[in-house]
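See below for the structure under consideration.
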Amino acid sequence: MGKILAVVSQKGGVGKTTTVVNLAAAFARRGLKTLIVDVDPQGSVRYGAGLKKGHATHGFADYLSGQRPLRDVILPTSLSWLRVMLVGSVSDSADHTYYATQIATGDLLPKMLEAAVARCDIVVVDTPPGLGAITRRVLESSDRVIVPLQCEPLVLQTTPQILRGIQDVVSRHPGLTFDGILLTMYEAGNPACERTAEYVRKHIPRSLLFDLVIPRSAAVSDAFAAGQPAVLRAPADPASQAYVNLATLLAERFAK
Ligand SMILES: Nc1ncnc2c1ncn2[C@@H]1O[C@H](COP(=O)(O)OP(=O)(O)OP(=O)(O)O)[C@@H](O)[C@H]1O
Ligand SMILES: [Mg+2]
């Protein structure tokens, strides 16, 4: 039986999707059978996961609405150990109410995750920003959770709120292990970023924070724009190496 790893954060744009695709690719490169599941109606995974040319665009929402069987929404990538379940047609629509209600009130999300994890070593779930109904439903079924935190001065104000959110999530879901807060888009030599990281290290307990940070790197956003995880397109880049190191650390933890 594998593990379900959710990547969540109260804030948007902090590097959740980037973390999902790069970690998942790094797990797959280690020979772990990995599935990315995108439940975020924004559907960003589709652009950066290394899907094959001309891939189908249906996904979880189409399974949820009964339009597609589960096997149809699991897509291959350039890596044989990495598959992807996109969020599907809901990402083409502006109104996500029906999708969110189906997830909140039905049991197809936990059932899908249960079926997926029975066939995989790791299922990595990309979630919408915030701790709303969709993310909470994912956390109910997850074994582990990571919270990316963008290295920016606003963190000084939002850290207490972030810690409260994590406490709330962990206390509600006894089956869930909190793996850590991951500092993303870290810029060495940028005084504001260095001060922020220092503040975070001082105010967040060590057990809740990964020692390693993900550097800000053009290779990460360039790779995403080119449809690939950076760990595959620019493996020597420091951000790619940080994601590979994070995958190694997590794979060792999960194996215990
Ligand atoms: N390490 C990095 N270096 C440079 N750019 C990055 C890095 N991580 C993320 N980005 C860029 O920051 C932006 C936000 O990243 P991403 O889409 O992963 O965030 P998100 O938390 O998933 O956002 P949302 O909440 O909208 O889903 C993207 O343009 C992405 O390419
Ligand atoms: Mg995202």
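Numbering of ligands and ligand atoms starts at 1, following listing order. This one's a predicted model, so the numbers in the text were calculated from it and none came from an experiment.
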For Ile214, atoms of ligand 1 separated by under 4.0 Å from a heavy atom: 1 (N)
Shortest protein heavy-atom distance from atom 17 (O) of ligand 1, along with the residue and atom involved: Thr17 CB, 4.1 Å
Heavy-atom closest pair, residues Pro41 and Ile134: CD-CD1, 4.3 Å
Parallel, tilted or perpendicular: rings of Tyr63 and Phe60 (30°, 60°): tilted
Closest to atom 3 (N) of ligand 1 (judged by heavy-atom distance), picking from Gly43, Ser217, Ser9: Ser217
Polar side chain donor-acceptor pair, Thr127 to Asp40, under 3.5 angstrom: no
Polar atom proximity, Gly15 to ligand 1 (N or O, under 3.5 Å): yes
Atom 20 (P) of ligand 1 - nearest protein heavy atom and its distance: Lys16 N, 3.4 Å
Atom pair OG/CG of Ser44 and Leu86 - distance to nearest 0.5 Å: 11.0 Å
Identity and distance of the protein heavy atom lying nearest atom 12 (O) of ligand 1: Met185 CE, 3.5 Å
Side-chain donor-acceptor contact under 3.5 Å, Gln102 with Tyr98: yes
Any side-chain donor near an acceptor of the partner, Asp95 and Ser93, under 3.5 Å: no
Minimum-distance protein heavy atom relative to atom 30 (C) of ligand 1: Thr18 OG1, 3.9 Å
Residue-ligand contact Asp40/ligand 1, heavy atom below 4.0 Å: yes
Distance-only side-chain donor-acceptor flag, Thr57 / Arg46, under 3.5 Å: no
Atoms named by residue and atom, protein N, O or S, within reach of the Mg ion (ligand 2) (under 2.8 Å): Thr17 OG1
Contact with ligand 1 for Gly13, non-hydrogen, under 4.0 angstrom: yes
Protein residue, atom and distance nearest to atom 29 (O) of ligand 1, heavy-atom basis: Ser221 CB, 5.0 Å
Shortest protein heavy-atom distance from atom 27 (O) of ligand 1, along with the residue and atom involved: Gln42 NE2, 3.3 Å
Close-contact set for ligand 1 against Pro215 heavy atoms, below 4.0 Å: 1 (N), 2 (C), 3 (N)
